[in-house]
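Following: one structure in structure tokens, then a few remarks.
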Amino acid sequence: MKALSQKRRHPLAAVALLLLGLILTGGLYAAATAPTAKADTTTYTAADTEEGSKLFIANCATCHGMGAVGSPSGPSLVGVGAASVDFQVGTGRMPMENQGPQAEQKPAQFNEEQTKQLAAYVASLAPGPAVPAEEYTDGGGNAAEGGELFRVNCAMCHNAAAAGGALTRGKYAPALAGVSNEHIYEAMVTGPQNMPVFNDANITPEGKRDIITFLNTIENNGSPGGADLGALGPVSEGLFAWVAGLGVIIAFTIWLTSRTS
Amino acid sequence: MSTATESTYRPATKVGRVTDFVDQRVGGSPILREFGRKVFPDHWSFMFGEVALYTFVILLLTGTFLTFFFDPSMAETTYAGSYVPLKGVDMSVAYSSSLNISFDIRGGLFMRQVHHWSALLFVASVAVHMLRVFFTGAFRKPRELNWVVGGTLVILSLAAGFTGYSLPDDLLSGNGLRIIDGVVKSIPIVGSYISFFLFGGEFPGSAIIGRLYVLHILLIPAIILLMIAIHLFMVVVHKHTQYPGPGRNDGNVVGYPLGPVYAAKAGGFFFIVFGVVALMAAAFTINPIWNYGPYDPSPVSAGTQPDWYIGWVDGALRLMPGWLFGFPLEWHIPLPWGVNTLSLNVLLPALVPAGIVFTVLFAYPWIERWITKDDREHHVLDRPRNAPTRTAIGMAGFTFYCVMWAAASSDLVATHFHVSLNDVTYWLRALFFIGPVIAYAVTKRIALALQRKDREIALHGRETGRIVRLPHGEFIEVHAQVDDYKRYKLVGFESPEPLPEIVNSDGKVTQAEKLRARLSRVFFEDRVAPATPAELEASHAHGDHEIAESENLKEVAH
Amino acid sequence: MADHSDGTPAGSHAVARAGRSDVEKFQDPGLAPHRLRLADTDPRAAKRAERQVAILFGVSVVGTLLFFIAYFGVRLDDTIATLRLQNLLLGLGVAFAMLGIGTGIVHWARALMPDHEVSEERHEIRTERDRVAAQRIVEDVLEETGIKRRPLIRNTLIGALALAPLPAIAVFRDLGPLPGNALRHTMWKEGTRLVRDPTGTPIKASDVTIGSAFHVIPDGLNELEHGKLEEKAKAVVLLMRLNPESLNPSPGRENWGYNGIVAYSKICTHVGCPVALYEQQTHHLLCPCHQSTFDLTQECKVIFGPANRPLPQLPIKVDSEGYLVAQSDFHEPVGPSFWERG
């Protein structure tokens with residue numbers, strides 16, 4: 001006991017107590033808010049933020065401005081959150097190659113570590129949607145309920161089979177096959193470019209998990225009827241019937257009416 | 001002859017006795033005598049009518065199978081079948097039974113896919129058959145009425161296709177029905193009444209699927225069968241047309257006898273068409289209704305399109321602007337009892353292009369007959385190049401159709417060619433007007449050029465590609481003369497000339513007659529006359545010694 | 001020396017203008033001489049063709065067997081992969097069975113059956129003798145009925161025949177009710193909560209962050225016993241929030257939104273597709289069916305495409321618990337135009 005009371009007066013004791021208190025309250029807060037908030041499992045160190053800041057100044061500040069406050073050629077990133085950075089940089093949309101109707105998906109320019117650092121920096125500017133916890137992106141939800149949510153909220157732009165679709169003036173909603181579960185989740189919470197935001201009040205994290213499960217299911221299943229012809233609907237079917245179907249039949253008619261040697 | 005009812009023929013075999021028994025009662029012999037060796041001309045382009053007939057037979061066969069499992073009820077149910085992404089979802093019984101056919105009945109998916117692929121091919125082959133008949137002039141006397149029957153079959157096949165497309169009650173076809181409802185409502189005065197009668201109340205109601213089902217499996221196929229019977233009966237009456245060539249004229253028909261060659265080819269072709277459709281259904285998904293989900297008025301999928309044959313009407317709806325240079329196309333007309341709404345932005349594209357296409361289509365035989373004043377029977381076809389103006393008109397009409405057709409896929413054109421959706425629409429709006437004109441001019445030029453090429457070949461022979469140097473140093477290309485049979489194919493056509501105004505019995509030239517004469521000039525002013533024997537003679541005698549020499553050289557070379 | 005390669009008429013009068021006619025024509029040389037096939041002359045070739053036909057028929061038998069193997073051999077186990085496999089094998093079986101027979105018969109006909117072209121005379125479709133006889137019959141029949149002499153019979157018959165089909169039209173009256181006022185009203189009324197589609201949970205104003213789009217149905221829709229889809233088809237709404245400065249409400253409509261939150265009918269005023277594509281940066285709404293584009297910042301005015309009228313706005317407010325509710329029904333009929341709309 002003596003030893004303890006002595007240690008209590010140790011200069012570092014106050015710091016330790018403070019840390020303990022912080023961890024406890026933080027943990028309690030996290031536990032209390034976990035069901036509604038996007039449990040932030042990715043922790044960023046100060047070093048991440050530091051490195052991210054350097055990367056940002058070197059690669060992003062031209063358009064997004066110093067301190068990410070935005071400029072005429074790029075929006076402010078204050079408050080967009082780590083999820084937005086992870087999505088935009090992770091899918092290669094940012095940095096943009098050239099100004100167009102919308103940022104194109106392309107091979108990512110930064111590795112995972114750098115993406116994380118950039119996310120840490122942007123997240124440090126102001127609170128915003130965080131990178132989703134794994135429990136919501138594991139694809140273990142209810143595919144049927146996800147399908148209903150998908151048809152109401154997503155299919156009008158992304159197509160009922162997630163094959164993508166056109167928007168106005170050269171913009172488009174991309175196909176969703178091959179997009180990682182994290183990126184799908186992040187797109188929903190951040191609303192990249194012209195996509196509307198689907199915050200957790202609109203579609204709960206569980207609902208998002210169901211949507212991801214639905215997308216995984218239809219992607220893994222493939223089409224029961226054979227090749228899906230791009231899942232584009234009647235247009236590709238009509239094209240196929242005319243070109244391949246009628247084409248093969250015409251080849252047969254020519255053979256049938258020709259003379260043998 | 002008084003004992004004519006008692007046959008003295010005693011068949012030797014059992015089969016013979018049975019056949020004879022039937023024959024004495026139904027009179028098979030005279031039928032077989034008439035048709036057993038009937039001659040049918042053979043050409044690949046004559047087969048599209050058969051493709052249409054055979055795909056229709058396939059549709060009847062697979063359709064009958066599907067009716068055993070399909071339930072056209074719009075009552076609400078909860079899906080409990082084996083397709084996981086829809087388990088527990090509320091839907092109509094019609095949609096649920098379509099899913100059961102696809103997932104829980106062995107071969108059901110295959111049957112659905114055969115049915116739908118054949119439907120697409122059925123309408124496509126009807127369309128191609130009609131184009132063949134148009135471009136070869138097979139609609140001319142005495143076949144004008146059969147052309148009308150064919151046109152009716154086109155409309156019926158569209159109706160059959162559309163009613164079938166809507167039956168599964170999925171999201172895609174449901175939105176299609178909603179568009180139909182919107183178009184129906186735009187009809188002046190009676191629009192909303194028709195809509196309420198069609199759907200049994202407010203859209204979507206619970207009646208439409210059952211009603212479409214009766215149309216799809218009973219009424220429309222019955223009328224199609226009747227029309228096919230009339231169509232084929234008239235083919236028998238007229239005998240088939242034939243392409244021009246040596247030994248073929250308007251008084252004969254040259255080809256293969258029905259038994260055995262033609263019957264074998266036509267019969268075998270049924271199995272080939274069935275086989276091709278089966279291959280498509282085996283390996284290629286069509287109408288994946290499980291992707292679309294049950295019909296619900298709130299969701300919609302990107303890329304909502306009808307099947308290809310309705311596409312042109314949908315495309316017309318897309319091309320029409322709602323506002324024209326600040327001028328609204330929806331009119332609010334003040335009338336004594338109140339204001340009524342006329343929705344020209346819906347009504348015009350839904351009715352006018354289809355109205356133009358079908359009016360011209362049905363009337364064309366009489367239009368051409370009036371212009372040419374040609375009352376002869378035609379059994380020998382025109383090669384399309386030898387009727388340049390008709391071919392050009394046909395291509396103009398086809399282009400008009402294709403622009404609207406393309407417009408129905410404007411969103412997919414935009415995403416797949418990385419262009420702006422709006423620009424695609426602007427371009428197609430321009431092409432809607434300019435396209436047919438360009439097609440007319442280009443086609444006419446191409447047809448005339450091909451005729452000139454035929455003339456050259458008839459008179460001077462084919463280019464062989466062999467370059468020969470003559471003793472005096474000149475280089476010439478060796479031309480190989482064509483034989484009499486091939487030449488006749490190139491020169492044996494009619495090239496009518498414009499028919500000037502003719503005075504009527506009152507000694508006057510009417511306005512209509514003036515118009516006719518002007519159209520006749522448009523039709524026949526530019527013409528390439530078929531080569532004549534005198535010209536061939538001249539080309540041999542005059543300046544064409546190189547050909548004679550080359551013929552010698554050719555012999556030397558061999 | 002004339003240059004023939006480019007096909008120019010070069011003084012040969014090839015392109016004749018109006019008024020020139022040919023006096024002479026090539027004579028029809030008659031059918032081309034028949035050419036024998038390999039199988040006609042070479043018995044070995046004929047034998048080979050015979051074997052090929054038999055093999056094709058054999059392929060058909062194999063195809064039919066494959067169908068049965070696929071039908072009974074592949075067990076459906078609720079996975080898509082087996083269904084796809086079964087569909088493929090069934091289809092290939094049928095395809096081989098059919099193509100084997102078809103190509104076999106056609107090959108038989110082409111290679112082994114006689115291929116002499118035959119010429120047959122065409123006959124007149126109607127001879128003059130037939131016409132005269134038929135006309136006589138018609139005249140006699142008409143005379144015997146006396147229809148020309150007895151106009152009373154003729155006219156009453158025409159009248160009766162004209163009226164008789166009318167019941168056949170009238171019986172279709174009960175296909176559906178009359179429209180009445182149904183197209184003018186929706187389920188929305190003052191105080192109806194805006195709830196999420198399809199879950200039916202109410203929405204707080206604070207849930208709708210800038211850039212959000214909520215797909216909304218009226219509260220109570222999911223609980224309807226009858227006419228659920230009919231009501232939904234009129235009542236669906238898209239709820240969006242944008243910066244209040246971006247909105248330019250016209251006089252009288254300033255209070256139809258709440259802090260930049262606005263609700264518009266999702267049913268296109270063109271032909272009724274759900275206009276659900278919201279571009280949150282351009283604030284444009286696009287209809288995926290016919291590409292009508294509406295500008296949210298101009299009260300959903302049409303800026304492109306075939307629609308003519310703006311989307312109707314649903315006036316909304318916030319109730320005492322902070323939930324979004326409707327102020328009233330739409331102030332105009334939703335969806336496509338109709339004659340009585342006004």
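Just so we're on the same page: letters track the sequence lines, and every chain starts at 1. Owing to the predicted nature of the structure, the values given are computational and were not obtained by experimental measurement.
Residue A:Leu256 comes nearest to B:Lys265 through the heavy atom pair O-NZ, 3.0 Å, listed as atom of the first residue, atom of the second, then distance. Across every non-hydrogen atom of B:Thr285 and A:Gly226, the tightest pair is OG1-O, 2.8 Å. A pairwise comparison of heavy atoms in A:Gly165 and B:Ala302 identifies CA-CB, 4.0 Å as the closest pair.
Your options are A:Gly170, A:Gly238, A:Ala161, A:Ala163, and the one with the most heavy-atom pairs under 4.5 Å with chain B is A:Gly170. Highest contact tally toward chain B, considering only A:Cys154, A:Ala143, A:Ala241, is held by A:Ala241 [criterion: heavy-atom pairs under 4.5 Å]. Most heavy-atom pairs under 4.5 Å with chain B, from the set A:Ser236, A:Ala166, A:Ala173: that is A:Ala166. Contact count against chain A (heavy-atom pairs under 4.5 Å) is highest for B:Leu120 among B:Leu120, B:Val273, B:Thr304, B:Val419. Chain A forms more heavy-atom pairs under 4.5 Å with one residue of B:Gly275, B:Pro299, B:Gly303 than with any other, namely B:Pro299. For the options B:Ile272, B:Leu109, B:Leu171, B:Asp411, heavy-atom pairs under 4.5 Å to chain A are most numerous at B:Ile272. Ranked by non-hydrogen atom pairs under 4.5 Å with chain A, the options B:His116, B:His418, B:Met280, B:Arg112 are led by B:Met280. Ranked by non-hydrogen atom pairs under 4.5 Å with chain A, the options B:Ala414, B:Gly268, B:Gly293 are led by B:Gly293. Put simply, of A:Trp255, A:Phe240, A:Phe150, A:Phe214, the one with the most heavy-atom pairs under 4.5 Å next to chain B is A:Phe240.
Two rings, from B:Phe269 and A:Phe252, have their centers 6.0 Å or more apart.
The closest side-chain heavy-atom distance from B:Phe103 to A:Pro224 is below 4.5 Å. Side-chain contact check for A:Thr168 versus B:Leu421: every heavy-atom pair is 4.5 Å or farther apart. Between B:Phe48 and A:Ile250, the closest side-chain pair of non-hydrogen atoms falls below 4.5 Å.
Residue contact with chain B, scored on non-hydrogen atoms closer than 4.5 Å, involves the side chain of A:Val248 exclusively. In this structure, chain B has a heavy atom under 4.5 Å from the side chain of A:Ile218, while its backbone stays farther away. Contacts of B:Tyr426 with chain A are made by side-chain atoms alone, with heavy-atom separations under 4.5 Å and no backbone atom involved. In this structure, the portion of B:Tyr83 lying under 4.5 Å from any heavy atom of chain A is its side chain and not its backbone. At a 4.5 Å heavy-atom cutoff, the contact between B:Ala283 and chain A is made by backbone atoms alone. Proximity to chain B is absent for every atom of A:Asn142, based on heavy atoms less than 4.5 angstrom apart. Heavy-atom distances place both the backbone and the side chain of B:Ile286 under 4.5 Å from chain A.
Within 6.0 Å of CD on A:Glu112 lie no more than 12 heavy atoms contributed by other residues, nucleotides or ligands. For A:Trp242, the CH2 atom sits in a packed shell: over 12 heavy atoms of surrounding residues, nucleotides or ligands are nearer than 6.0 Å. For B:Phe162, the CZ atom sits in a packed shell: over 12 heavy atoms of surrounding residues, nucleotides or ligands are nearer than 6.0 Å.
Between the side chain of A:Thr253 and the backbone N or O of B:Met47, no donor-acceptor pair lies under 3.5 Å. A donor-acceptor contact shorter than 3.5 Å is absent between the side chain of A:Thr217 and the backbone of B:Pro85. Judged purely by atom type and a 3.5 angstrom limit, A:Glu237 uses its side chain to pair as donor or acceptor with the backbone of B:Asn287. Checked by atom type and distance alone, the side chain of B:Lys87 never pairs as donor or acceptor with a backbone atom of A:Ala144 at under 3.5 Å. Checked by atom type and distance alone, the side chain of B:Gln113 pairs as donor or acceptor with a backbone atom of A:Gly225 at under 3.5 Å.
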- [ ] Please assess A:Thr257 against B:His43 for the test side chain to side chain contact (heavy atoms under 4.5 Å, CB included), listing each intermediate value before the final yes or no.
- [x] CA-CA 6 Å; A:Thr257 51; B:His43 191 271; 5.7 Å; no
- [ ] Begin with the C-alpha distance, continue with both residues' side-chain angles, and end with the deciding distance and a verdict on side chain to side chain contact (heavy atoms under 4.5 Å, CB included) for A:Asp228 and B:Asn291.
- [x] CA-CA 11 Å; A:Asp228 65 4; B:Asn291 280 343; over 6 Å; no
TODO: Could you walk me through whether B:Leu121 and A:Leu246 pass the side chain to side chain contact (heavy atoms under 4.5 Å, CB included) test, one step at a time?
DONE: CA-CA 7 Å; B:Leu121 282 174; A:Leu246 214 55; 4.0 Å; yes
- [ ] Quick one: do A:Ser258 and B:Trp44 satisfy side chain to side chain contact (heavy atoms under 4.5 Å, CB included)? Show the steps, please.
- [x] CA-CA 8 Å; A:Ser258 65; B:Trp44 66 268; over 6 Å; no
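In this structure, the separation between CZ on A:Arg151 and OH on B:Tyr292 is 12.5 Å, given to the nearest 0.5 Å. In this structure, OH on A:Tyr172 lies 11.0 Å from NE2 on B:His416, to the nearest 0.5 angstrom. Between the OG atom of B:Ser301 and the NE2 atom of A:His158 there is a distance of 11.5 Å, given to the nearest 0.5 Å. Once rounded to the nearest 0.5 Å, the distance linking OG of B:Ser125 with CD1 of A:Ile249 reads 7.5 Å.
When the options B:Val89, B:Leu86, B:Asp90 are evaluated for a side chain to side chain contact (heavy atoms under 4.5 Å, CB included) with A:Glu148, the one that passes is B:Val89.
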